[in-house]
Amino acid sequence: MSATIPYGATSAGAGPDMVRAEGVWKNFGSLEVLKGISLEVARGEVMCLIGPSGSGKSTFLRCINHLERVNAGRLWVDGELIGYRQKGERLYEMHPREAARQRRDIGMVFQRFNLFPHLTALQNVTCAPTLVGKLKKQVADDRAHELLTRVGLGDKASTYPNQLSGGQQQRVAIARALAMSPKLMLFDEPTSALDPELVGEVLDVMRSLAQEGMTMIVVTHEMGFAREVADSLVFMDGGVVVETGAPREVIADPQHARTRAFLSKVL
C-alpha cells in the first residue's frame, strides 16, 4: 500500500506485553484526538480507561484493532505491529485482508451491541467463525451454545435480538466476540446504553473473563468495576494520558487536578 506514516520510536514491539502503544497520534482533519499516547498492557491484565467524553478513549480502542488508522506512532498486539509493515524508516499500511487477519485475534464489544437483527442469538455468534474462520457449521454451533451458556443465555439460542433485553443483547455481543477465541478483548463503554438494573449482568460476565485471565481494555464509567476488577486505571483527557496507576490508589488519592475534578463528578 502507498499510504505511509512517520516511523517514530525505534524500539522493538516484541516482549511480555499484550498491547504496547508508542507515541500514538490520531487526527480527524485538523482535530487532534490522540496526542502521543504511550502505554503497555501486560498479558492477563485488565486496564480500565476513564475520562470525559471526547478525551480519545474510544478512538484509542479503535486504533488498537485498526478500525481507525493512526497518523503517527505505533501499536503492537502480542508483539505484532498492527495495521502496518515497516520498511526502512517508514510504515506502510497493510492490505485490508491482512488487517482483517490481525483483527480476528482482537475481540471488540461496542456500546450499541451491533447485533444482526435478522439473525438469532446463535447465528450472531456463529457468523464470524463460519464465514471468516471457515469453521464447520456443527462445530461452530456447538461452540456458540457453549459460549451462550457461559454468558448465561443458554436458553436464548433461537431468540432474535429484538426479543432480548439490552443486557441480554450485550451478553450475546460478548459471546460473539469470544467466538473467534481472541487473545485480547476491547470493551467500549459496554454498559452505558443499558438500563441501570441490567448493568450488573454484563459486568458479571466481564468479571468472569478477568478471573479466567483474559487480557482486557475497558472504556468505562463504572468506577466500582474499575476499583474491584482492573489491574490498572488510566485517566485520559484532551487526547493525552493524564494519570495512571493502581485503581484504588488513583480513585482514592488522585494526583492530578484534572483527575480529581473528573472523579468528583462521577463518584
Side-chain angles (χ1 to χ4, degrees), residues 15-20 39-50 57-58 60-61 64-65 77-79 104-111 113 121 124-125 128-129 142-157 164-235 244-252 266-267:
D17 297 320
M18 178 60 74
V19 179
R20 183 175 179 182
L39 53 78
E40 297 83 35
V41 183
R43 300 176 194 281
E45 178 180 348
V46 178
M47 174 181 283
C48 281
L49 304 182
I50 64 171
K57 308 180 302 296
S58 296
F60 179 63
L61 279 197
I64 291 173
N65 64 3
V77 172
D78 199 19
R104 295 179 195 176
D105 293 330
I106 306 171
M108 188 159 185
V109 178
F110 299 89
Q111 179 179 348
F113 322 140
N124 266 280
V125 177
D142 291 345
R143 171 70 170 153
H145 280 293
E146 291 175 5
L147 289 170
L148 289 171
T149 299
R150 181 177 179 181
V151 299
L153 296 173
D155 60 339
K156 300 294 184 180
L164 298 171
S165 69
Q168 290 172 328
Q169 289 185 62
Q170 193 62 294
R171 284 186 281 158
V172 172
I174 293 173
R176 180 180 62 183
L178 292 172
M180 293 295 286
S181 300
K183 60 182 69 174
L184 168 69
M185 286 285 287
L186 308 176
F187 292 87
D188 188 7
E189 299 194 31
T191 61
S192 62
L194 302 179
D195 292 334
E197 64 270 20
L198 302 178
V199 169
E201 62 191 47
V202 174
L203 294 181
D204 285 345
V205 173
M206 295 170 64
R207 284 189 185 93
S208 70
L209 289 175
Q211 291 168 357
E212 293 166 12
M214 175 65 74
T215 309
M216 299 161 56
I217 305 178
V218 184
V219 173
T220 186
H221 291 294
E222 299 291 338
M223 293 297 108
F225 175 85
R227 184 189 293 110
E228 297 164 17
V229 180
D231 300 295
S232 59
L233 186 66
V234 174
F235 173 66
T244 183
R248 292 180 183 272
E249 294 176 5
V250 174
I251 292 171
V266 299
L267 292 176

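Predicted, not measured: the structure shown is a model, and the values here were computed from it. Computed from heavy atoms alone, side chains included, the values below leave out hydrogens, waters and symmetry copies.
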For F110, does its backbone N or O pair with a side-chain atom of Q170 as donor and acceptor, under 3.5 Å? yes
Look only at the side chain of R176 and the backbone of N124, and say whether a donor-acceptor pair between them is shorter than 3.5 Å. no
Could you measure the distance from the CG atom of N65 to the CG atom of D105? Nearest 0.5 Å is fine. 11.5 Å
Against R43, only a single residue in V19, D17, D78 fulfils side-chain contact (heavy atoms from CB on, under 4.5 Å); can you say which? D78
For the CG atom of L39 and the CD1 atom of I217, what is their distance to the nearest 0.5 Å? 7.0 Å
Side chains of V109 and V202 in contact at under 4.5 Å (non-hydrogen atoms): no
State the CD-NZ distance between Q169 and K156, to the nearest 0.5 angstrom. 12.0 Å
Heavy atoms only: give me the nearest A210-V46 pair and the separation to one decimal. CB-CG2, 3.7 Å
Does D231 have any side chain to side chain donor-acceptor pair (under 3.5 Å) partners at least two apart in sequence or in another chain, and if so, which? none
Where do M214 and L178 land on the side-chain contact (heavy atoms from CB on, under 4.5 Å) test, with the steps shown first? CA-CA 10 Å; M214 175 65 74; L178 292 172; 4.0 Å; yes
Quick one: which of M47, K57, Q111 gives a side-chain contact (heavy atoms from CB on, under 4.5 Å) with V219? K57
What are the two closest non-hydrogen atoms of A144 and V125, and how far apart are they? CB-CG1, 3.6 Å
Flag side-chain contact, heavy atom, 4.5 Å: L203 against V229: no
What I'd like to find out is whether the side chain of I251 reaches to under 4.5 Å of the side chain of F235, using heavy atoms alone. no
Identify the heavy atoms of A230 and P247 that sit nearest to each other, and give their distance. O-CG, 3.4 Å
Heavy-atom closest pair, residues D188 and S58: OD1-OG, 2.6 Å
What residues, two or more places apart in sequence or in another chain, satisfy side chain to side chain donor-acceptor pair (under 3.5 Å) together with T220? none
What distance do I50 atom CD1 and M223 atom CE have between them, rounded to the nearest 0.5 Å? 4.5 Å
Contact check, side chains of C48 and V218, non-hydrogen atoms, under 4.5 Å: yes
Can you give me the closest heavy-atom contact between G152 and R171, atom names plus distance? O-NH1, 3.7 Å
Going by side chain to side chain donor-acceptor pair (under 3.5 Å), name the residues that satisfy it together with E212, two or more places apart in sequence or in a different chain. R150
With a 4.5 Å limit on heavy-atom distance, are the side chains of P190 and M206 in contact? yes
Looking at CE of M108 and CE of M185, how far apart are the two atoms once the value is rounded to the nearest 0.5 Å? 10.5 Å
Please report the closest heavy-atom contact between P182 and G107, naming both atoms and the distance. CB-N, 3.4 Å
Pairwise side-chain contact, V151 with V172, heavy-atom cut-off 4.5 Å (strictly under): no
How long is the span from the CG atom in L148 to the CZ atom in R143, to the nearest 0.5 Å? 10.5 Å
Just to verify, what does E222 make a side chain to side chain donor-acceptor pair (under 3.5 Å) with, not counting sequence neighbours? T191
Do E45 and M18 have side chains that approach each other closer than 4.5 Å (heavy atoms only, starting at C-beta)? no
Side chains of Q168 and L198: closer than 4.5 Å at any heavy-atom pair? no
Under 3.5 Å, side chain of T244 to main-chain N/O of L233, donor-acceptor pair present? yes
Quick one: list whatever passes salt bridge (charged side-chain N to carboxylate O under 4.0 Å, His left out) with E146, sequence neighbours left out. none
Intermediate values then yes/no, side-chain contact (heavy atoms from CB on, under 4.5 Å), F60 and L186: CA-CA 10 Å; F60 179 63; L186 308 176; over 6 Å; no
Suppose we screen for salt bridge (charged side-chain N to carboxylate O under 4.0 Å, His left out). Which residues come up paired with R248, at least two apart in sequence or across chains? none
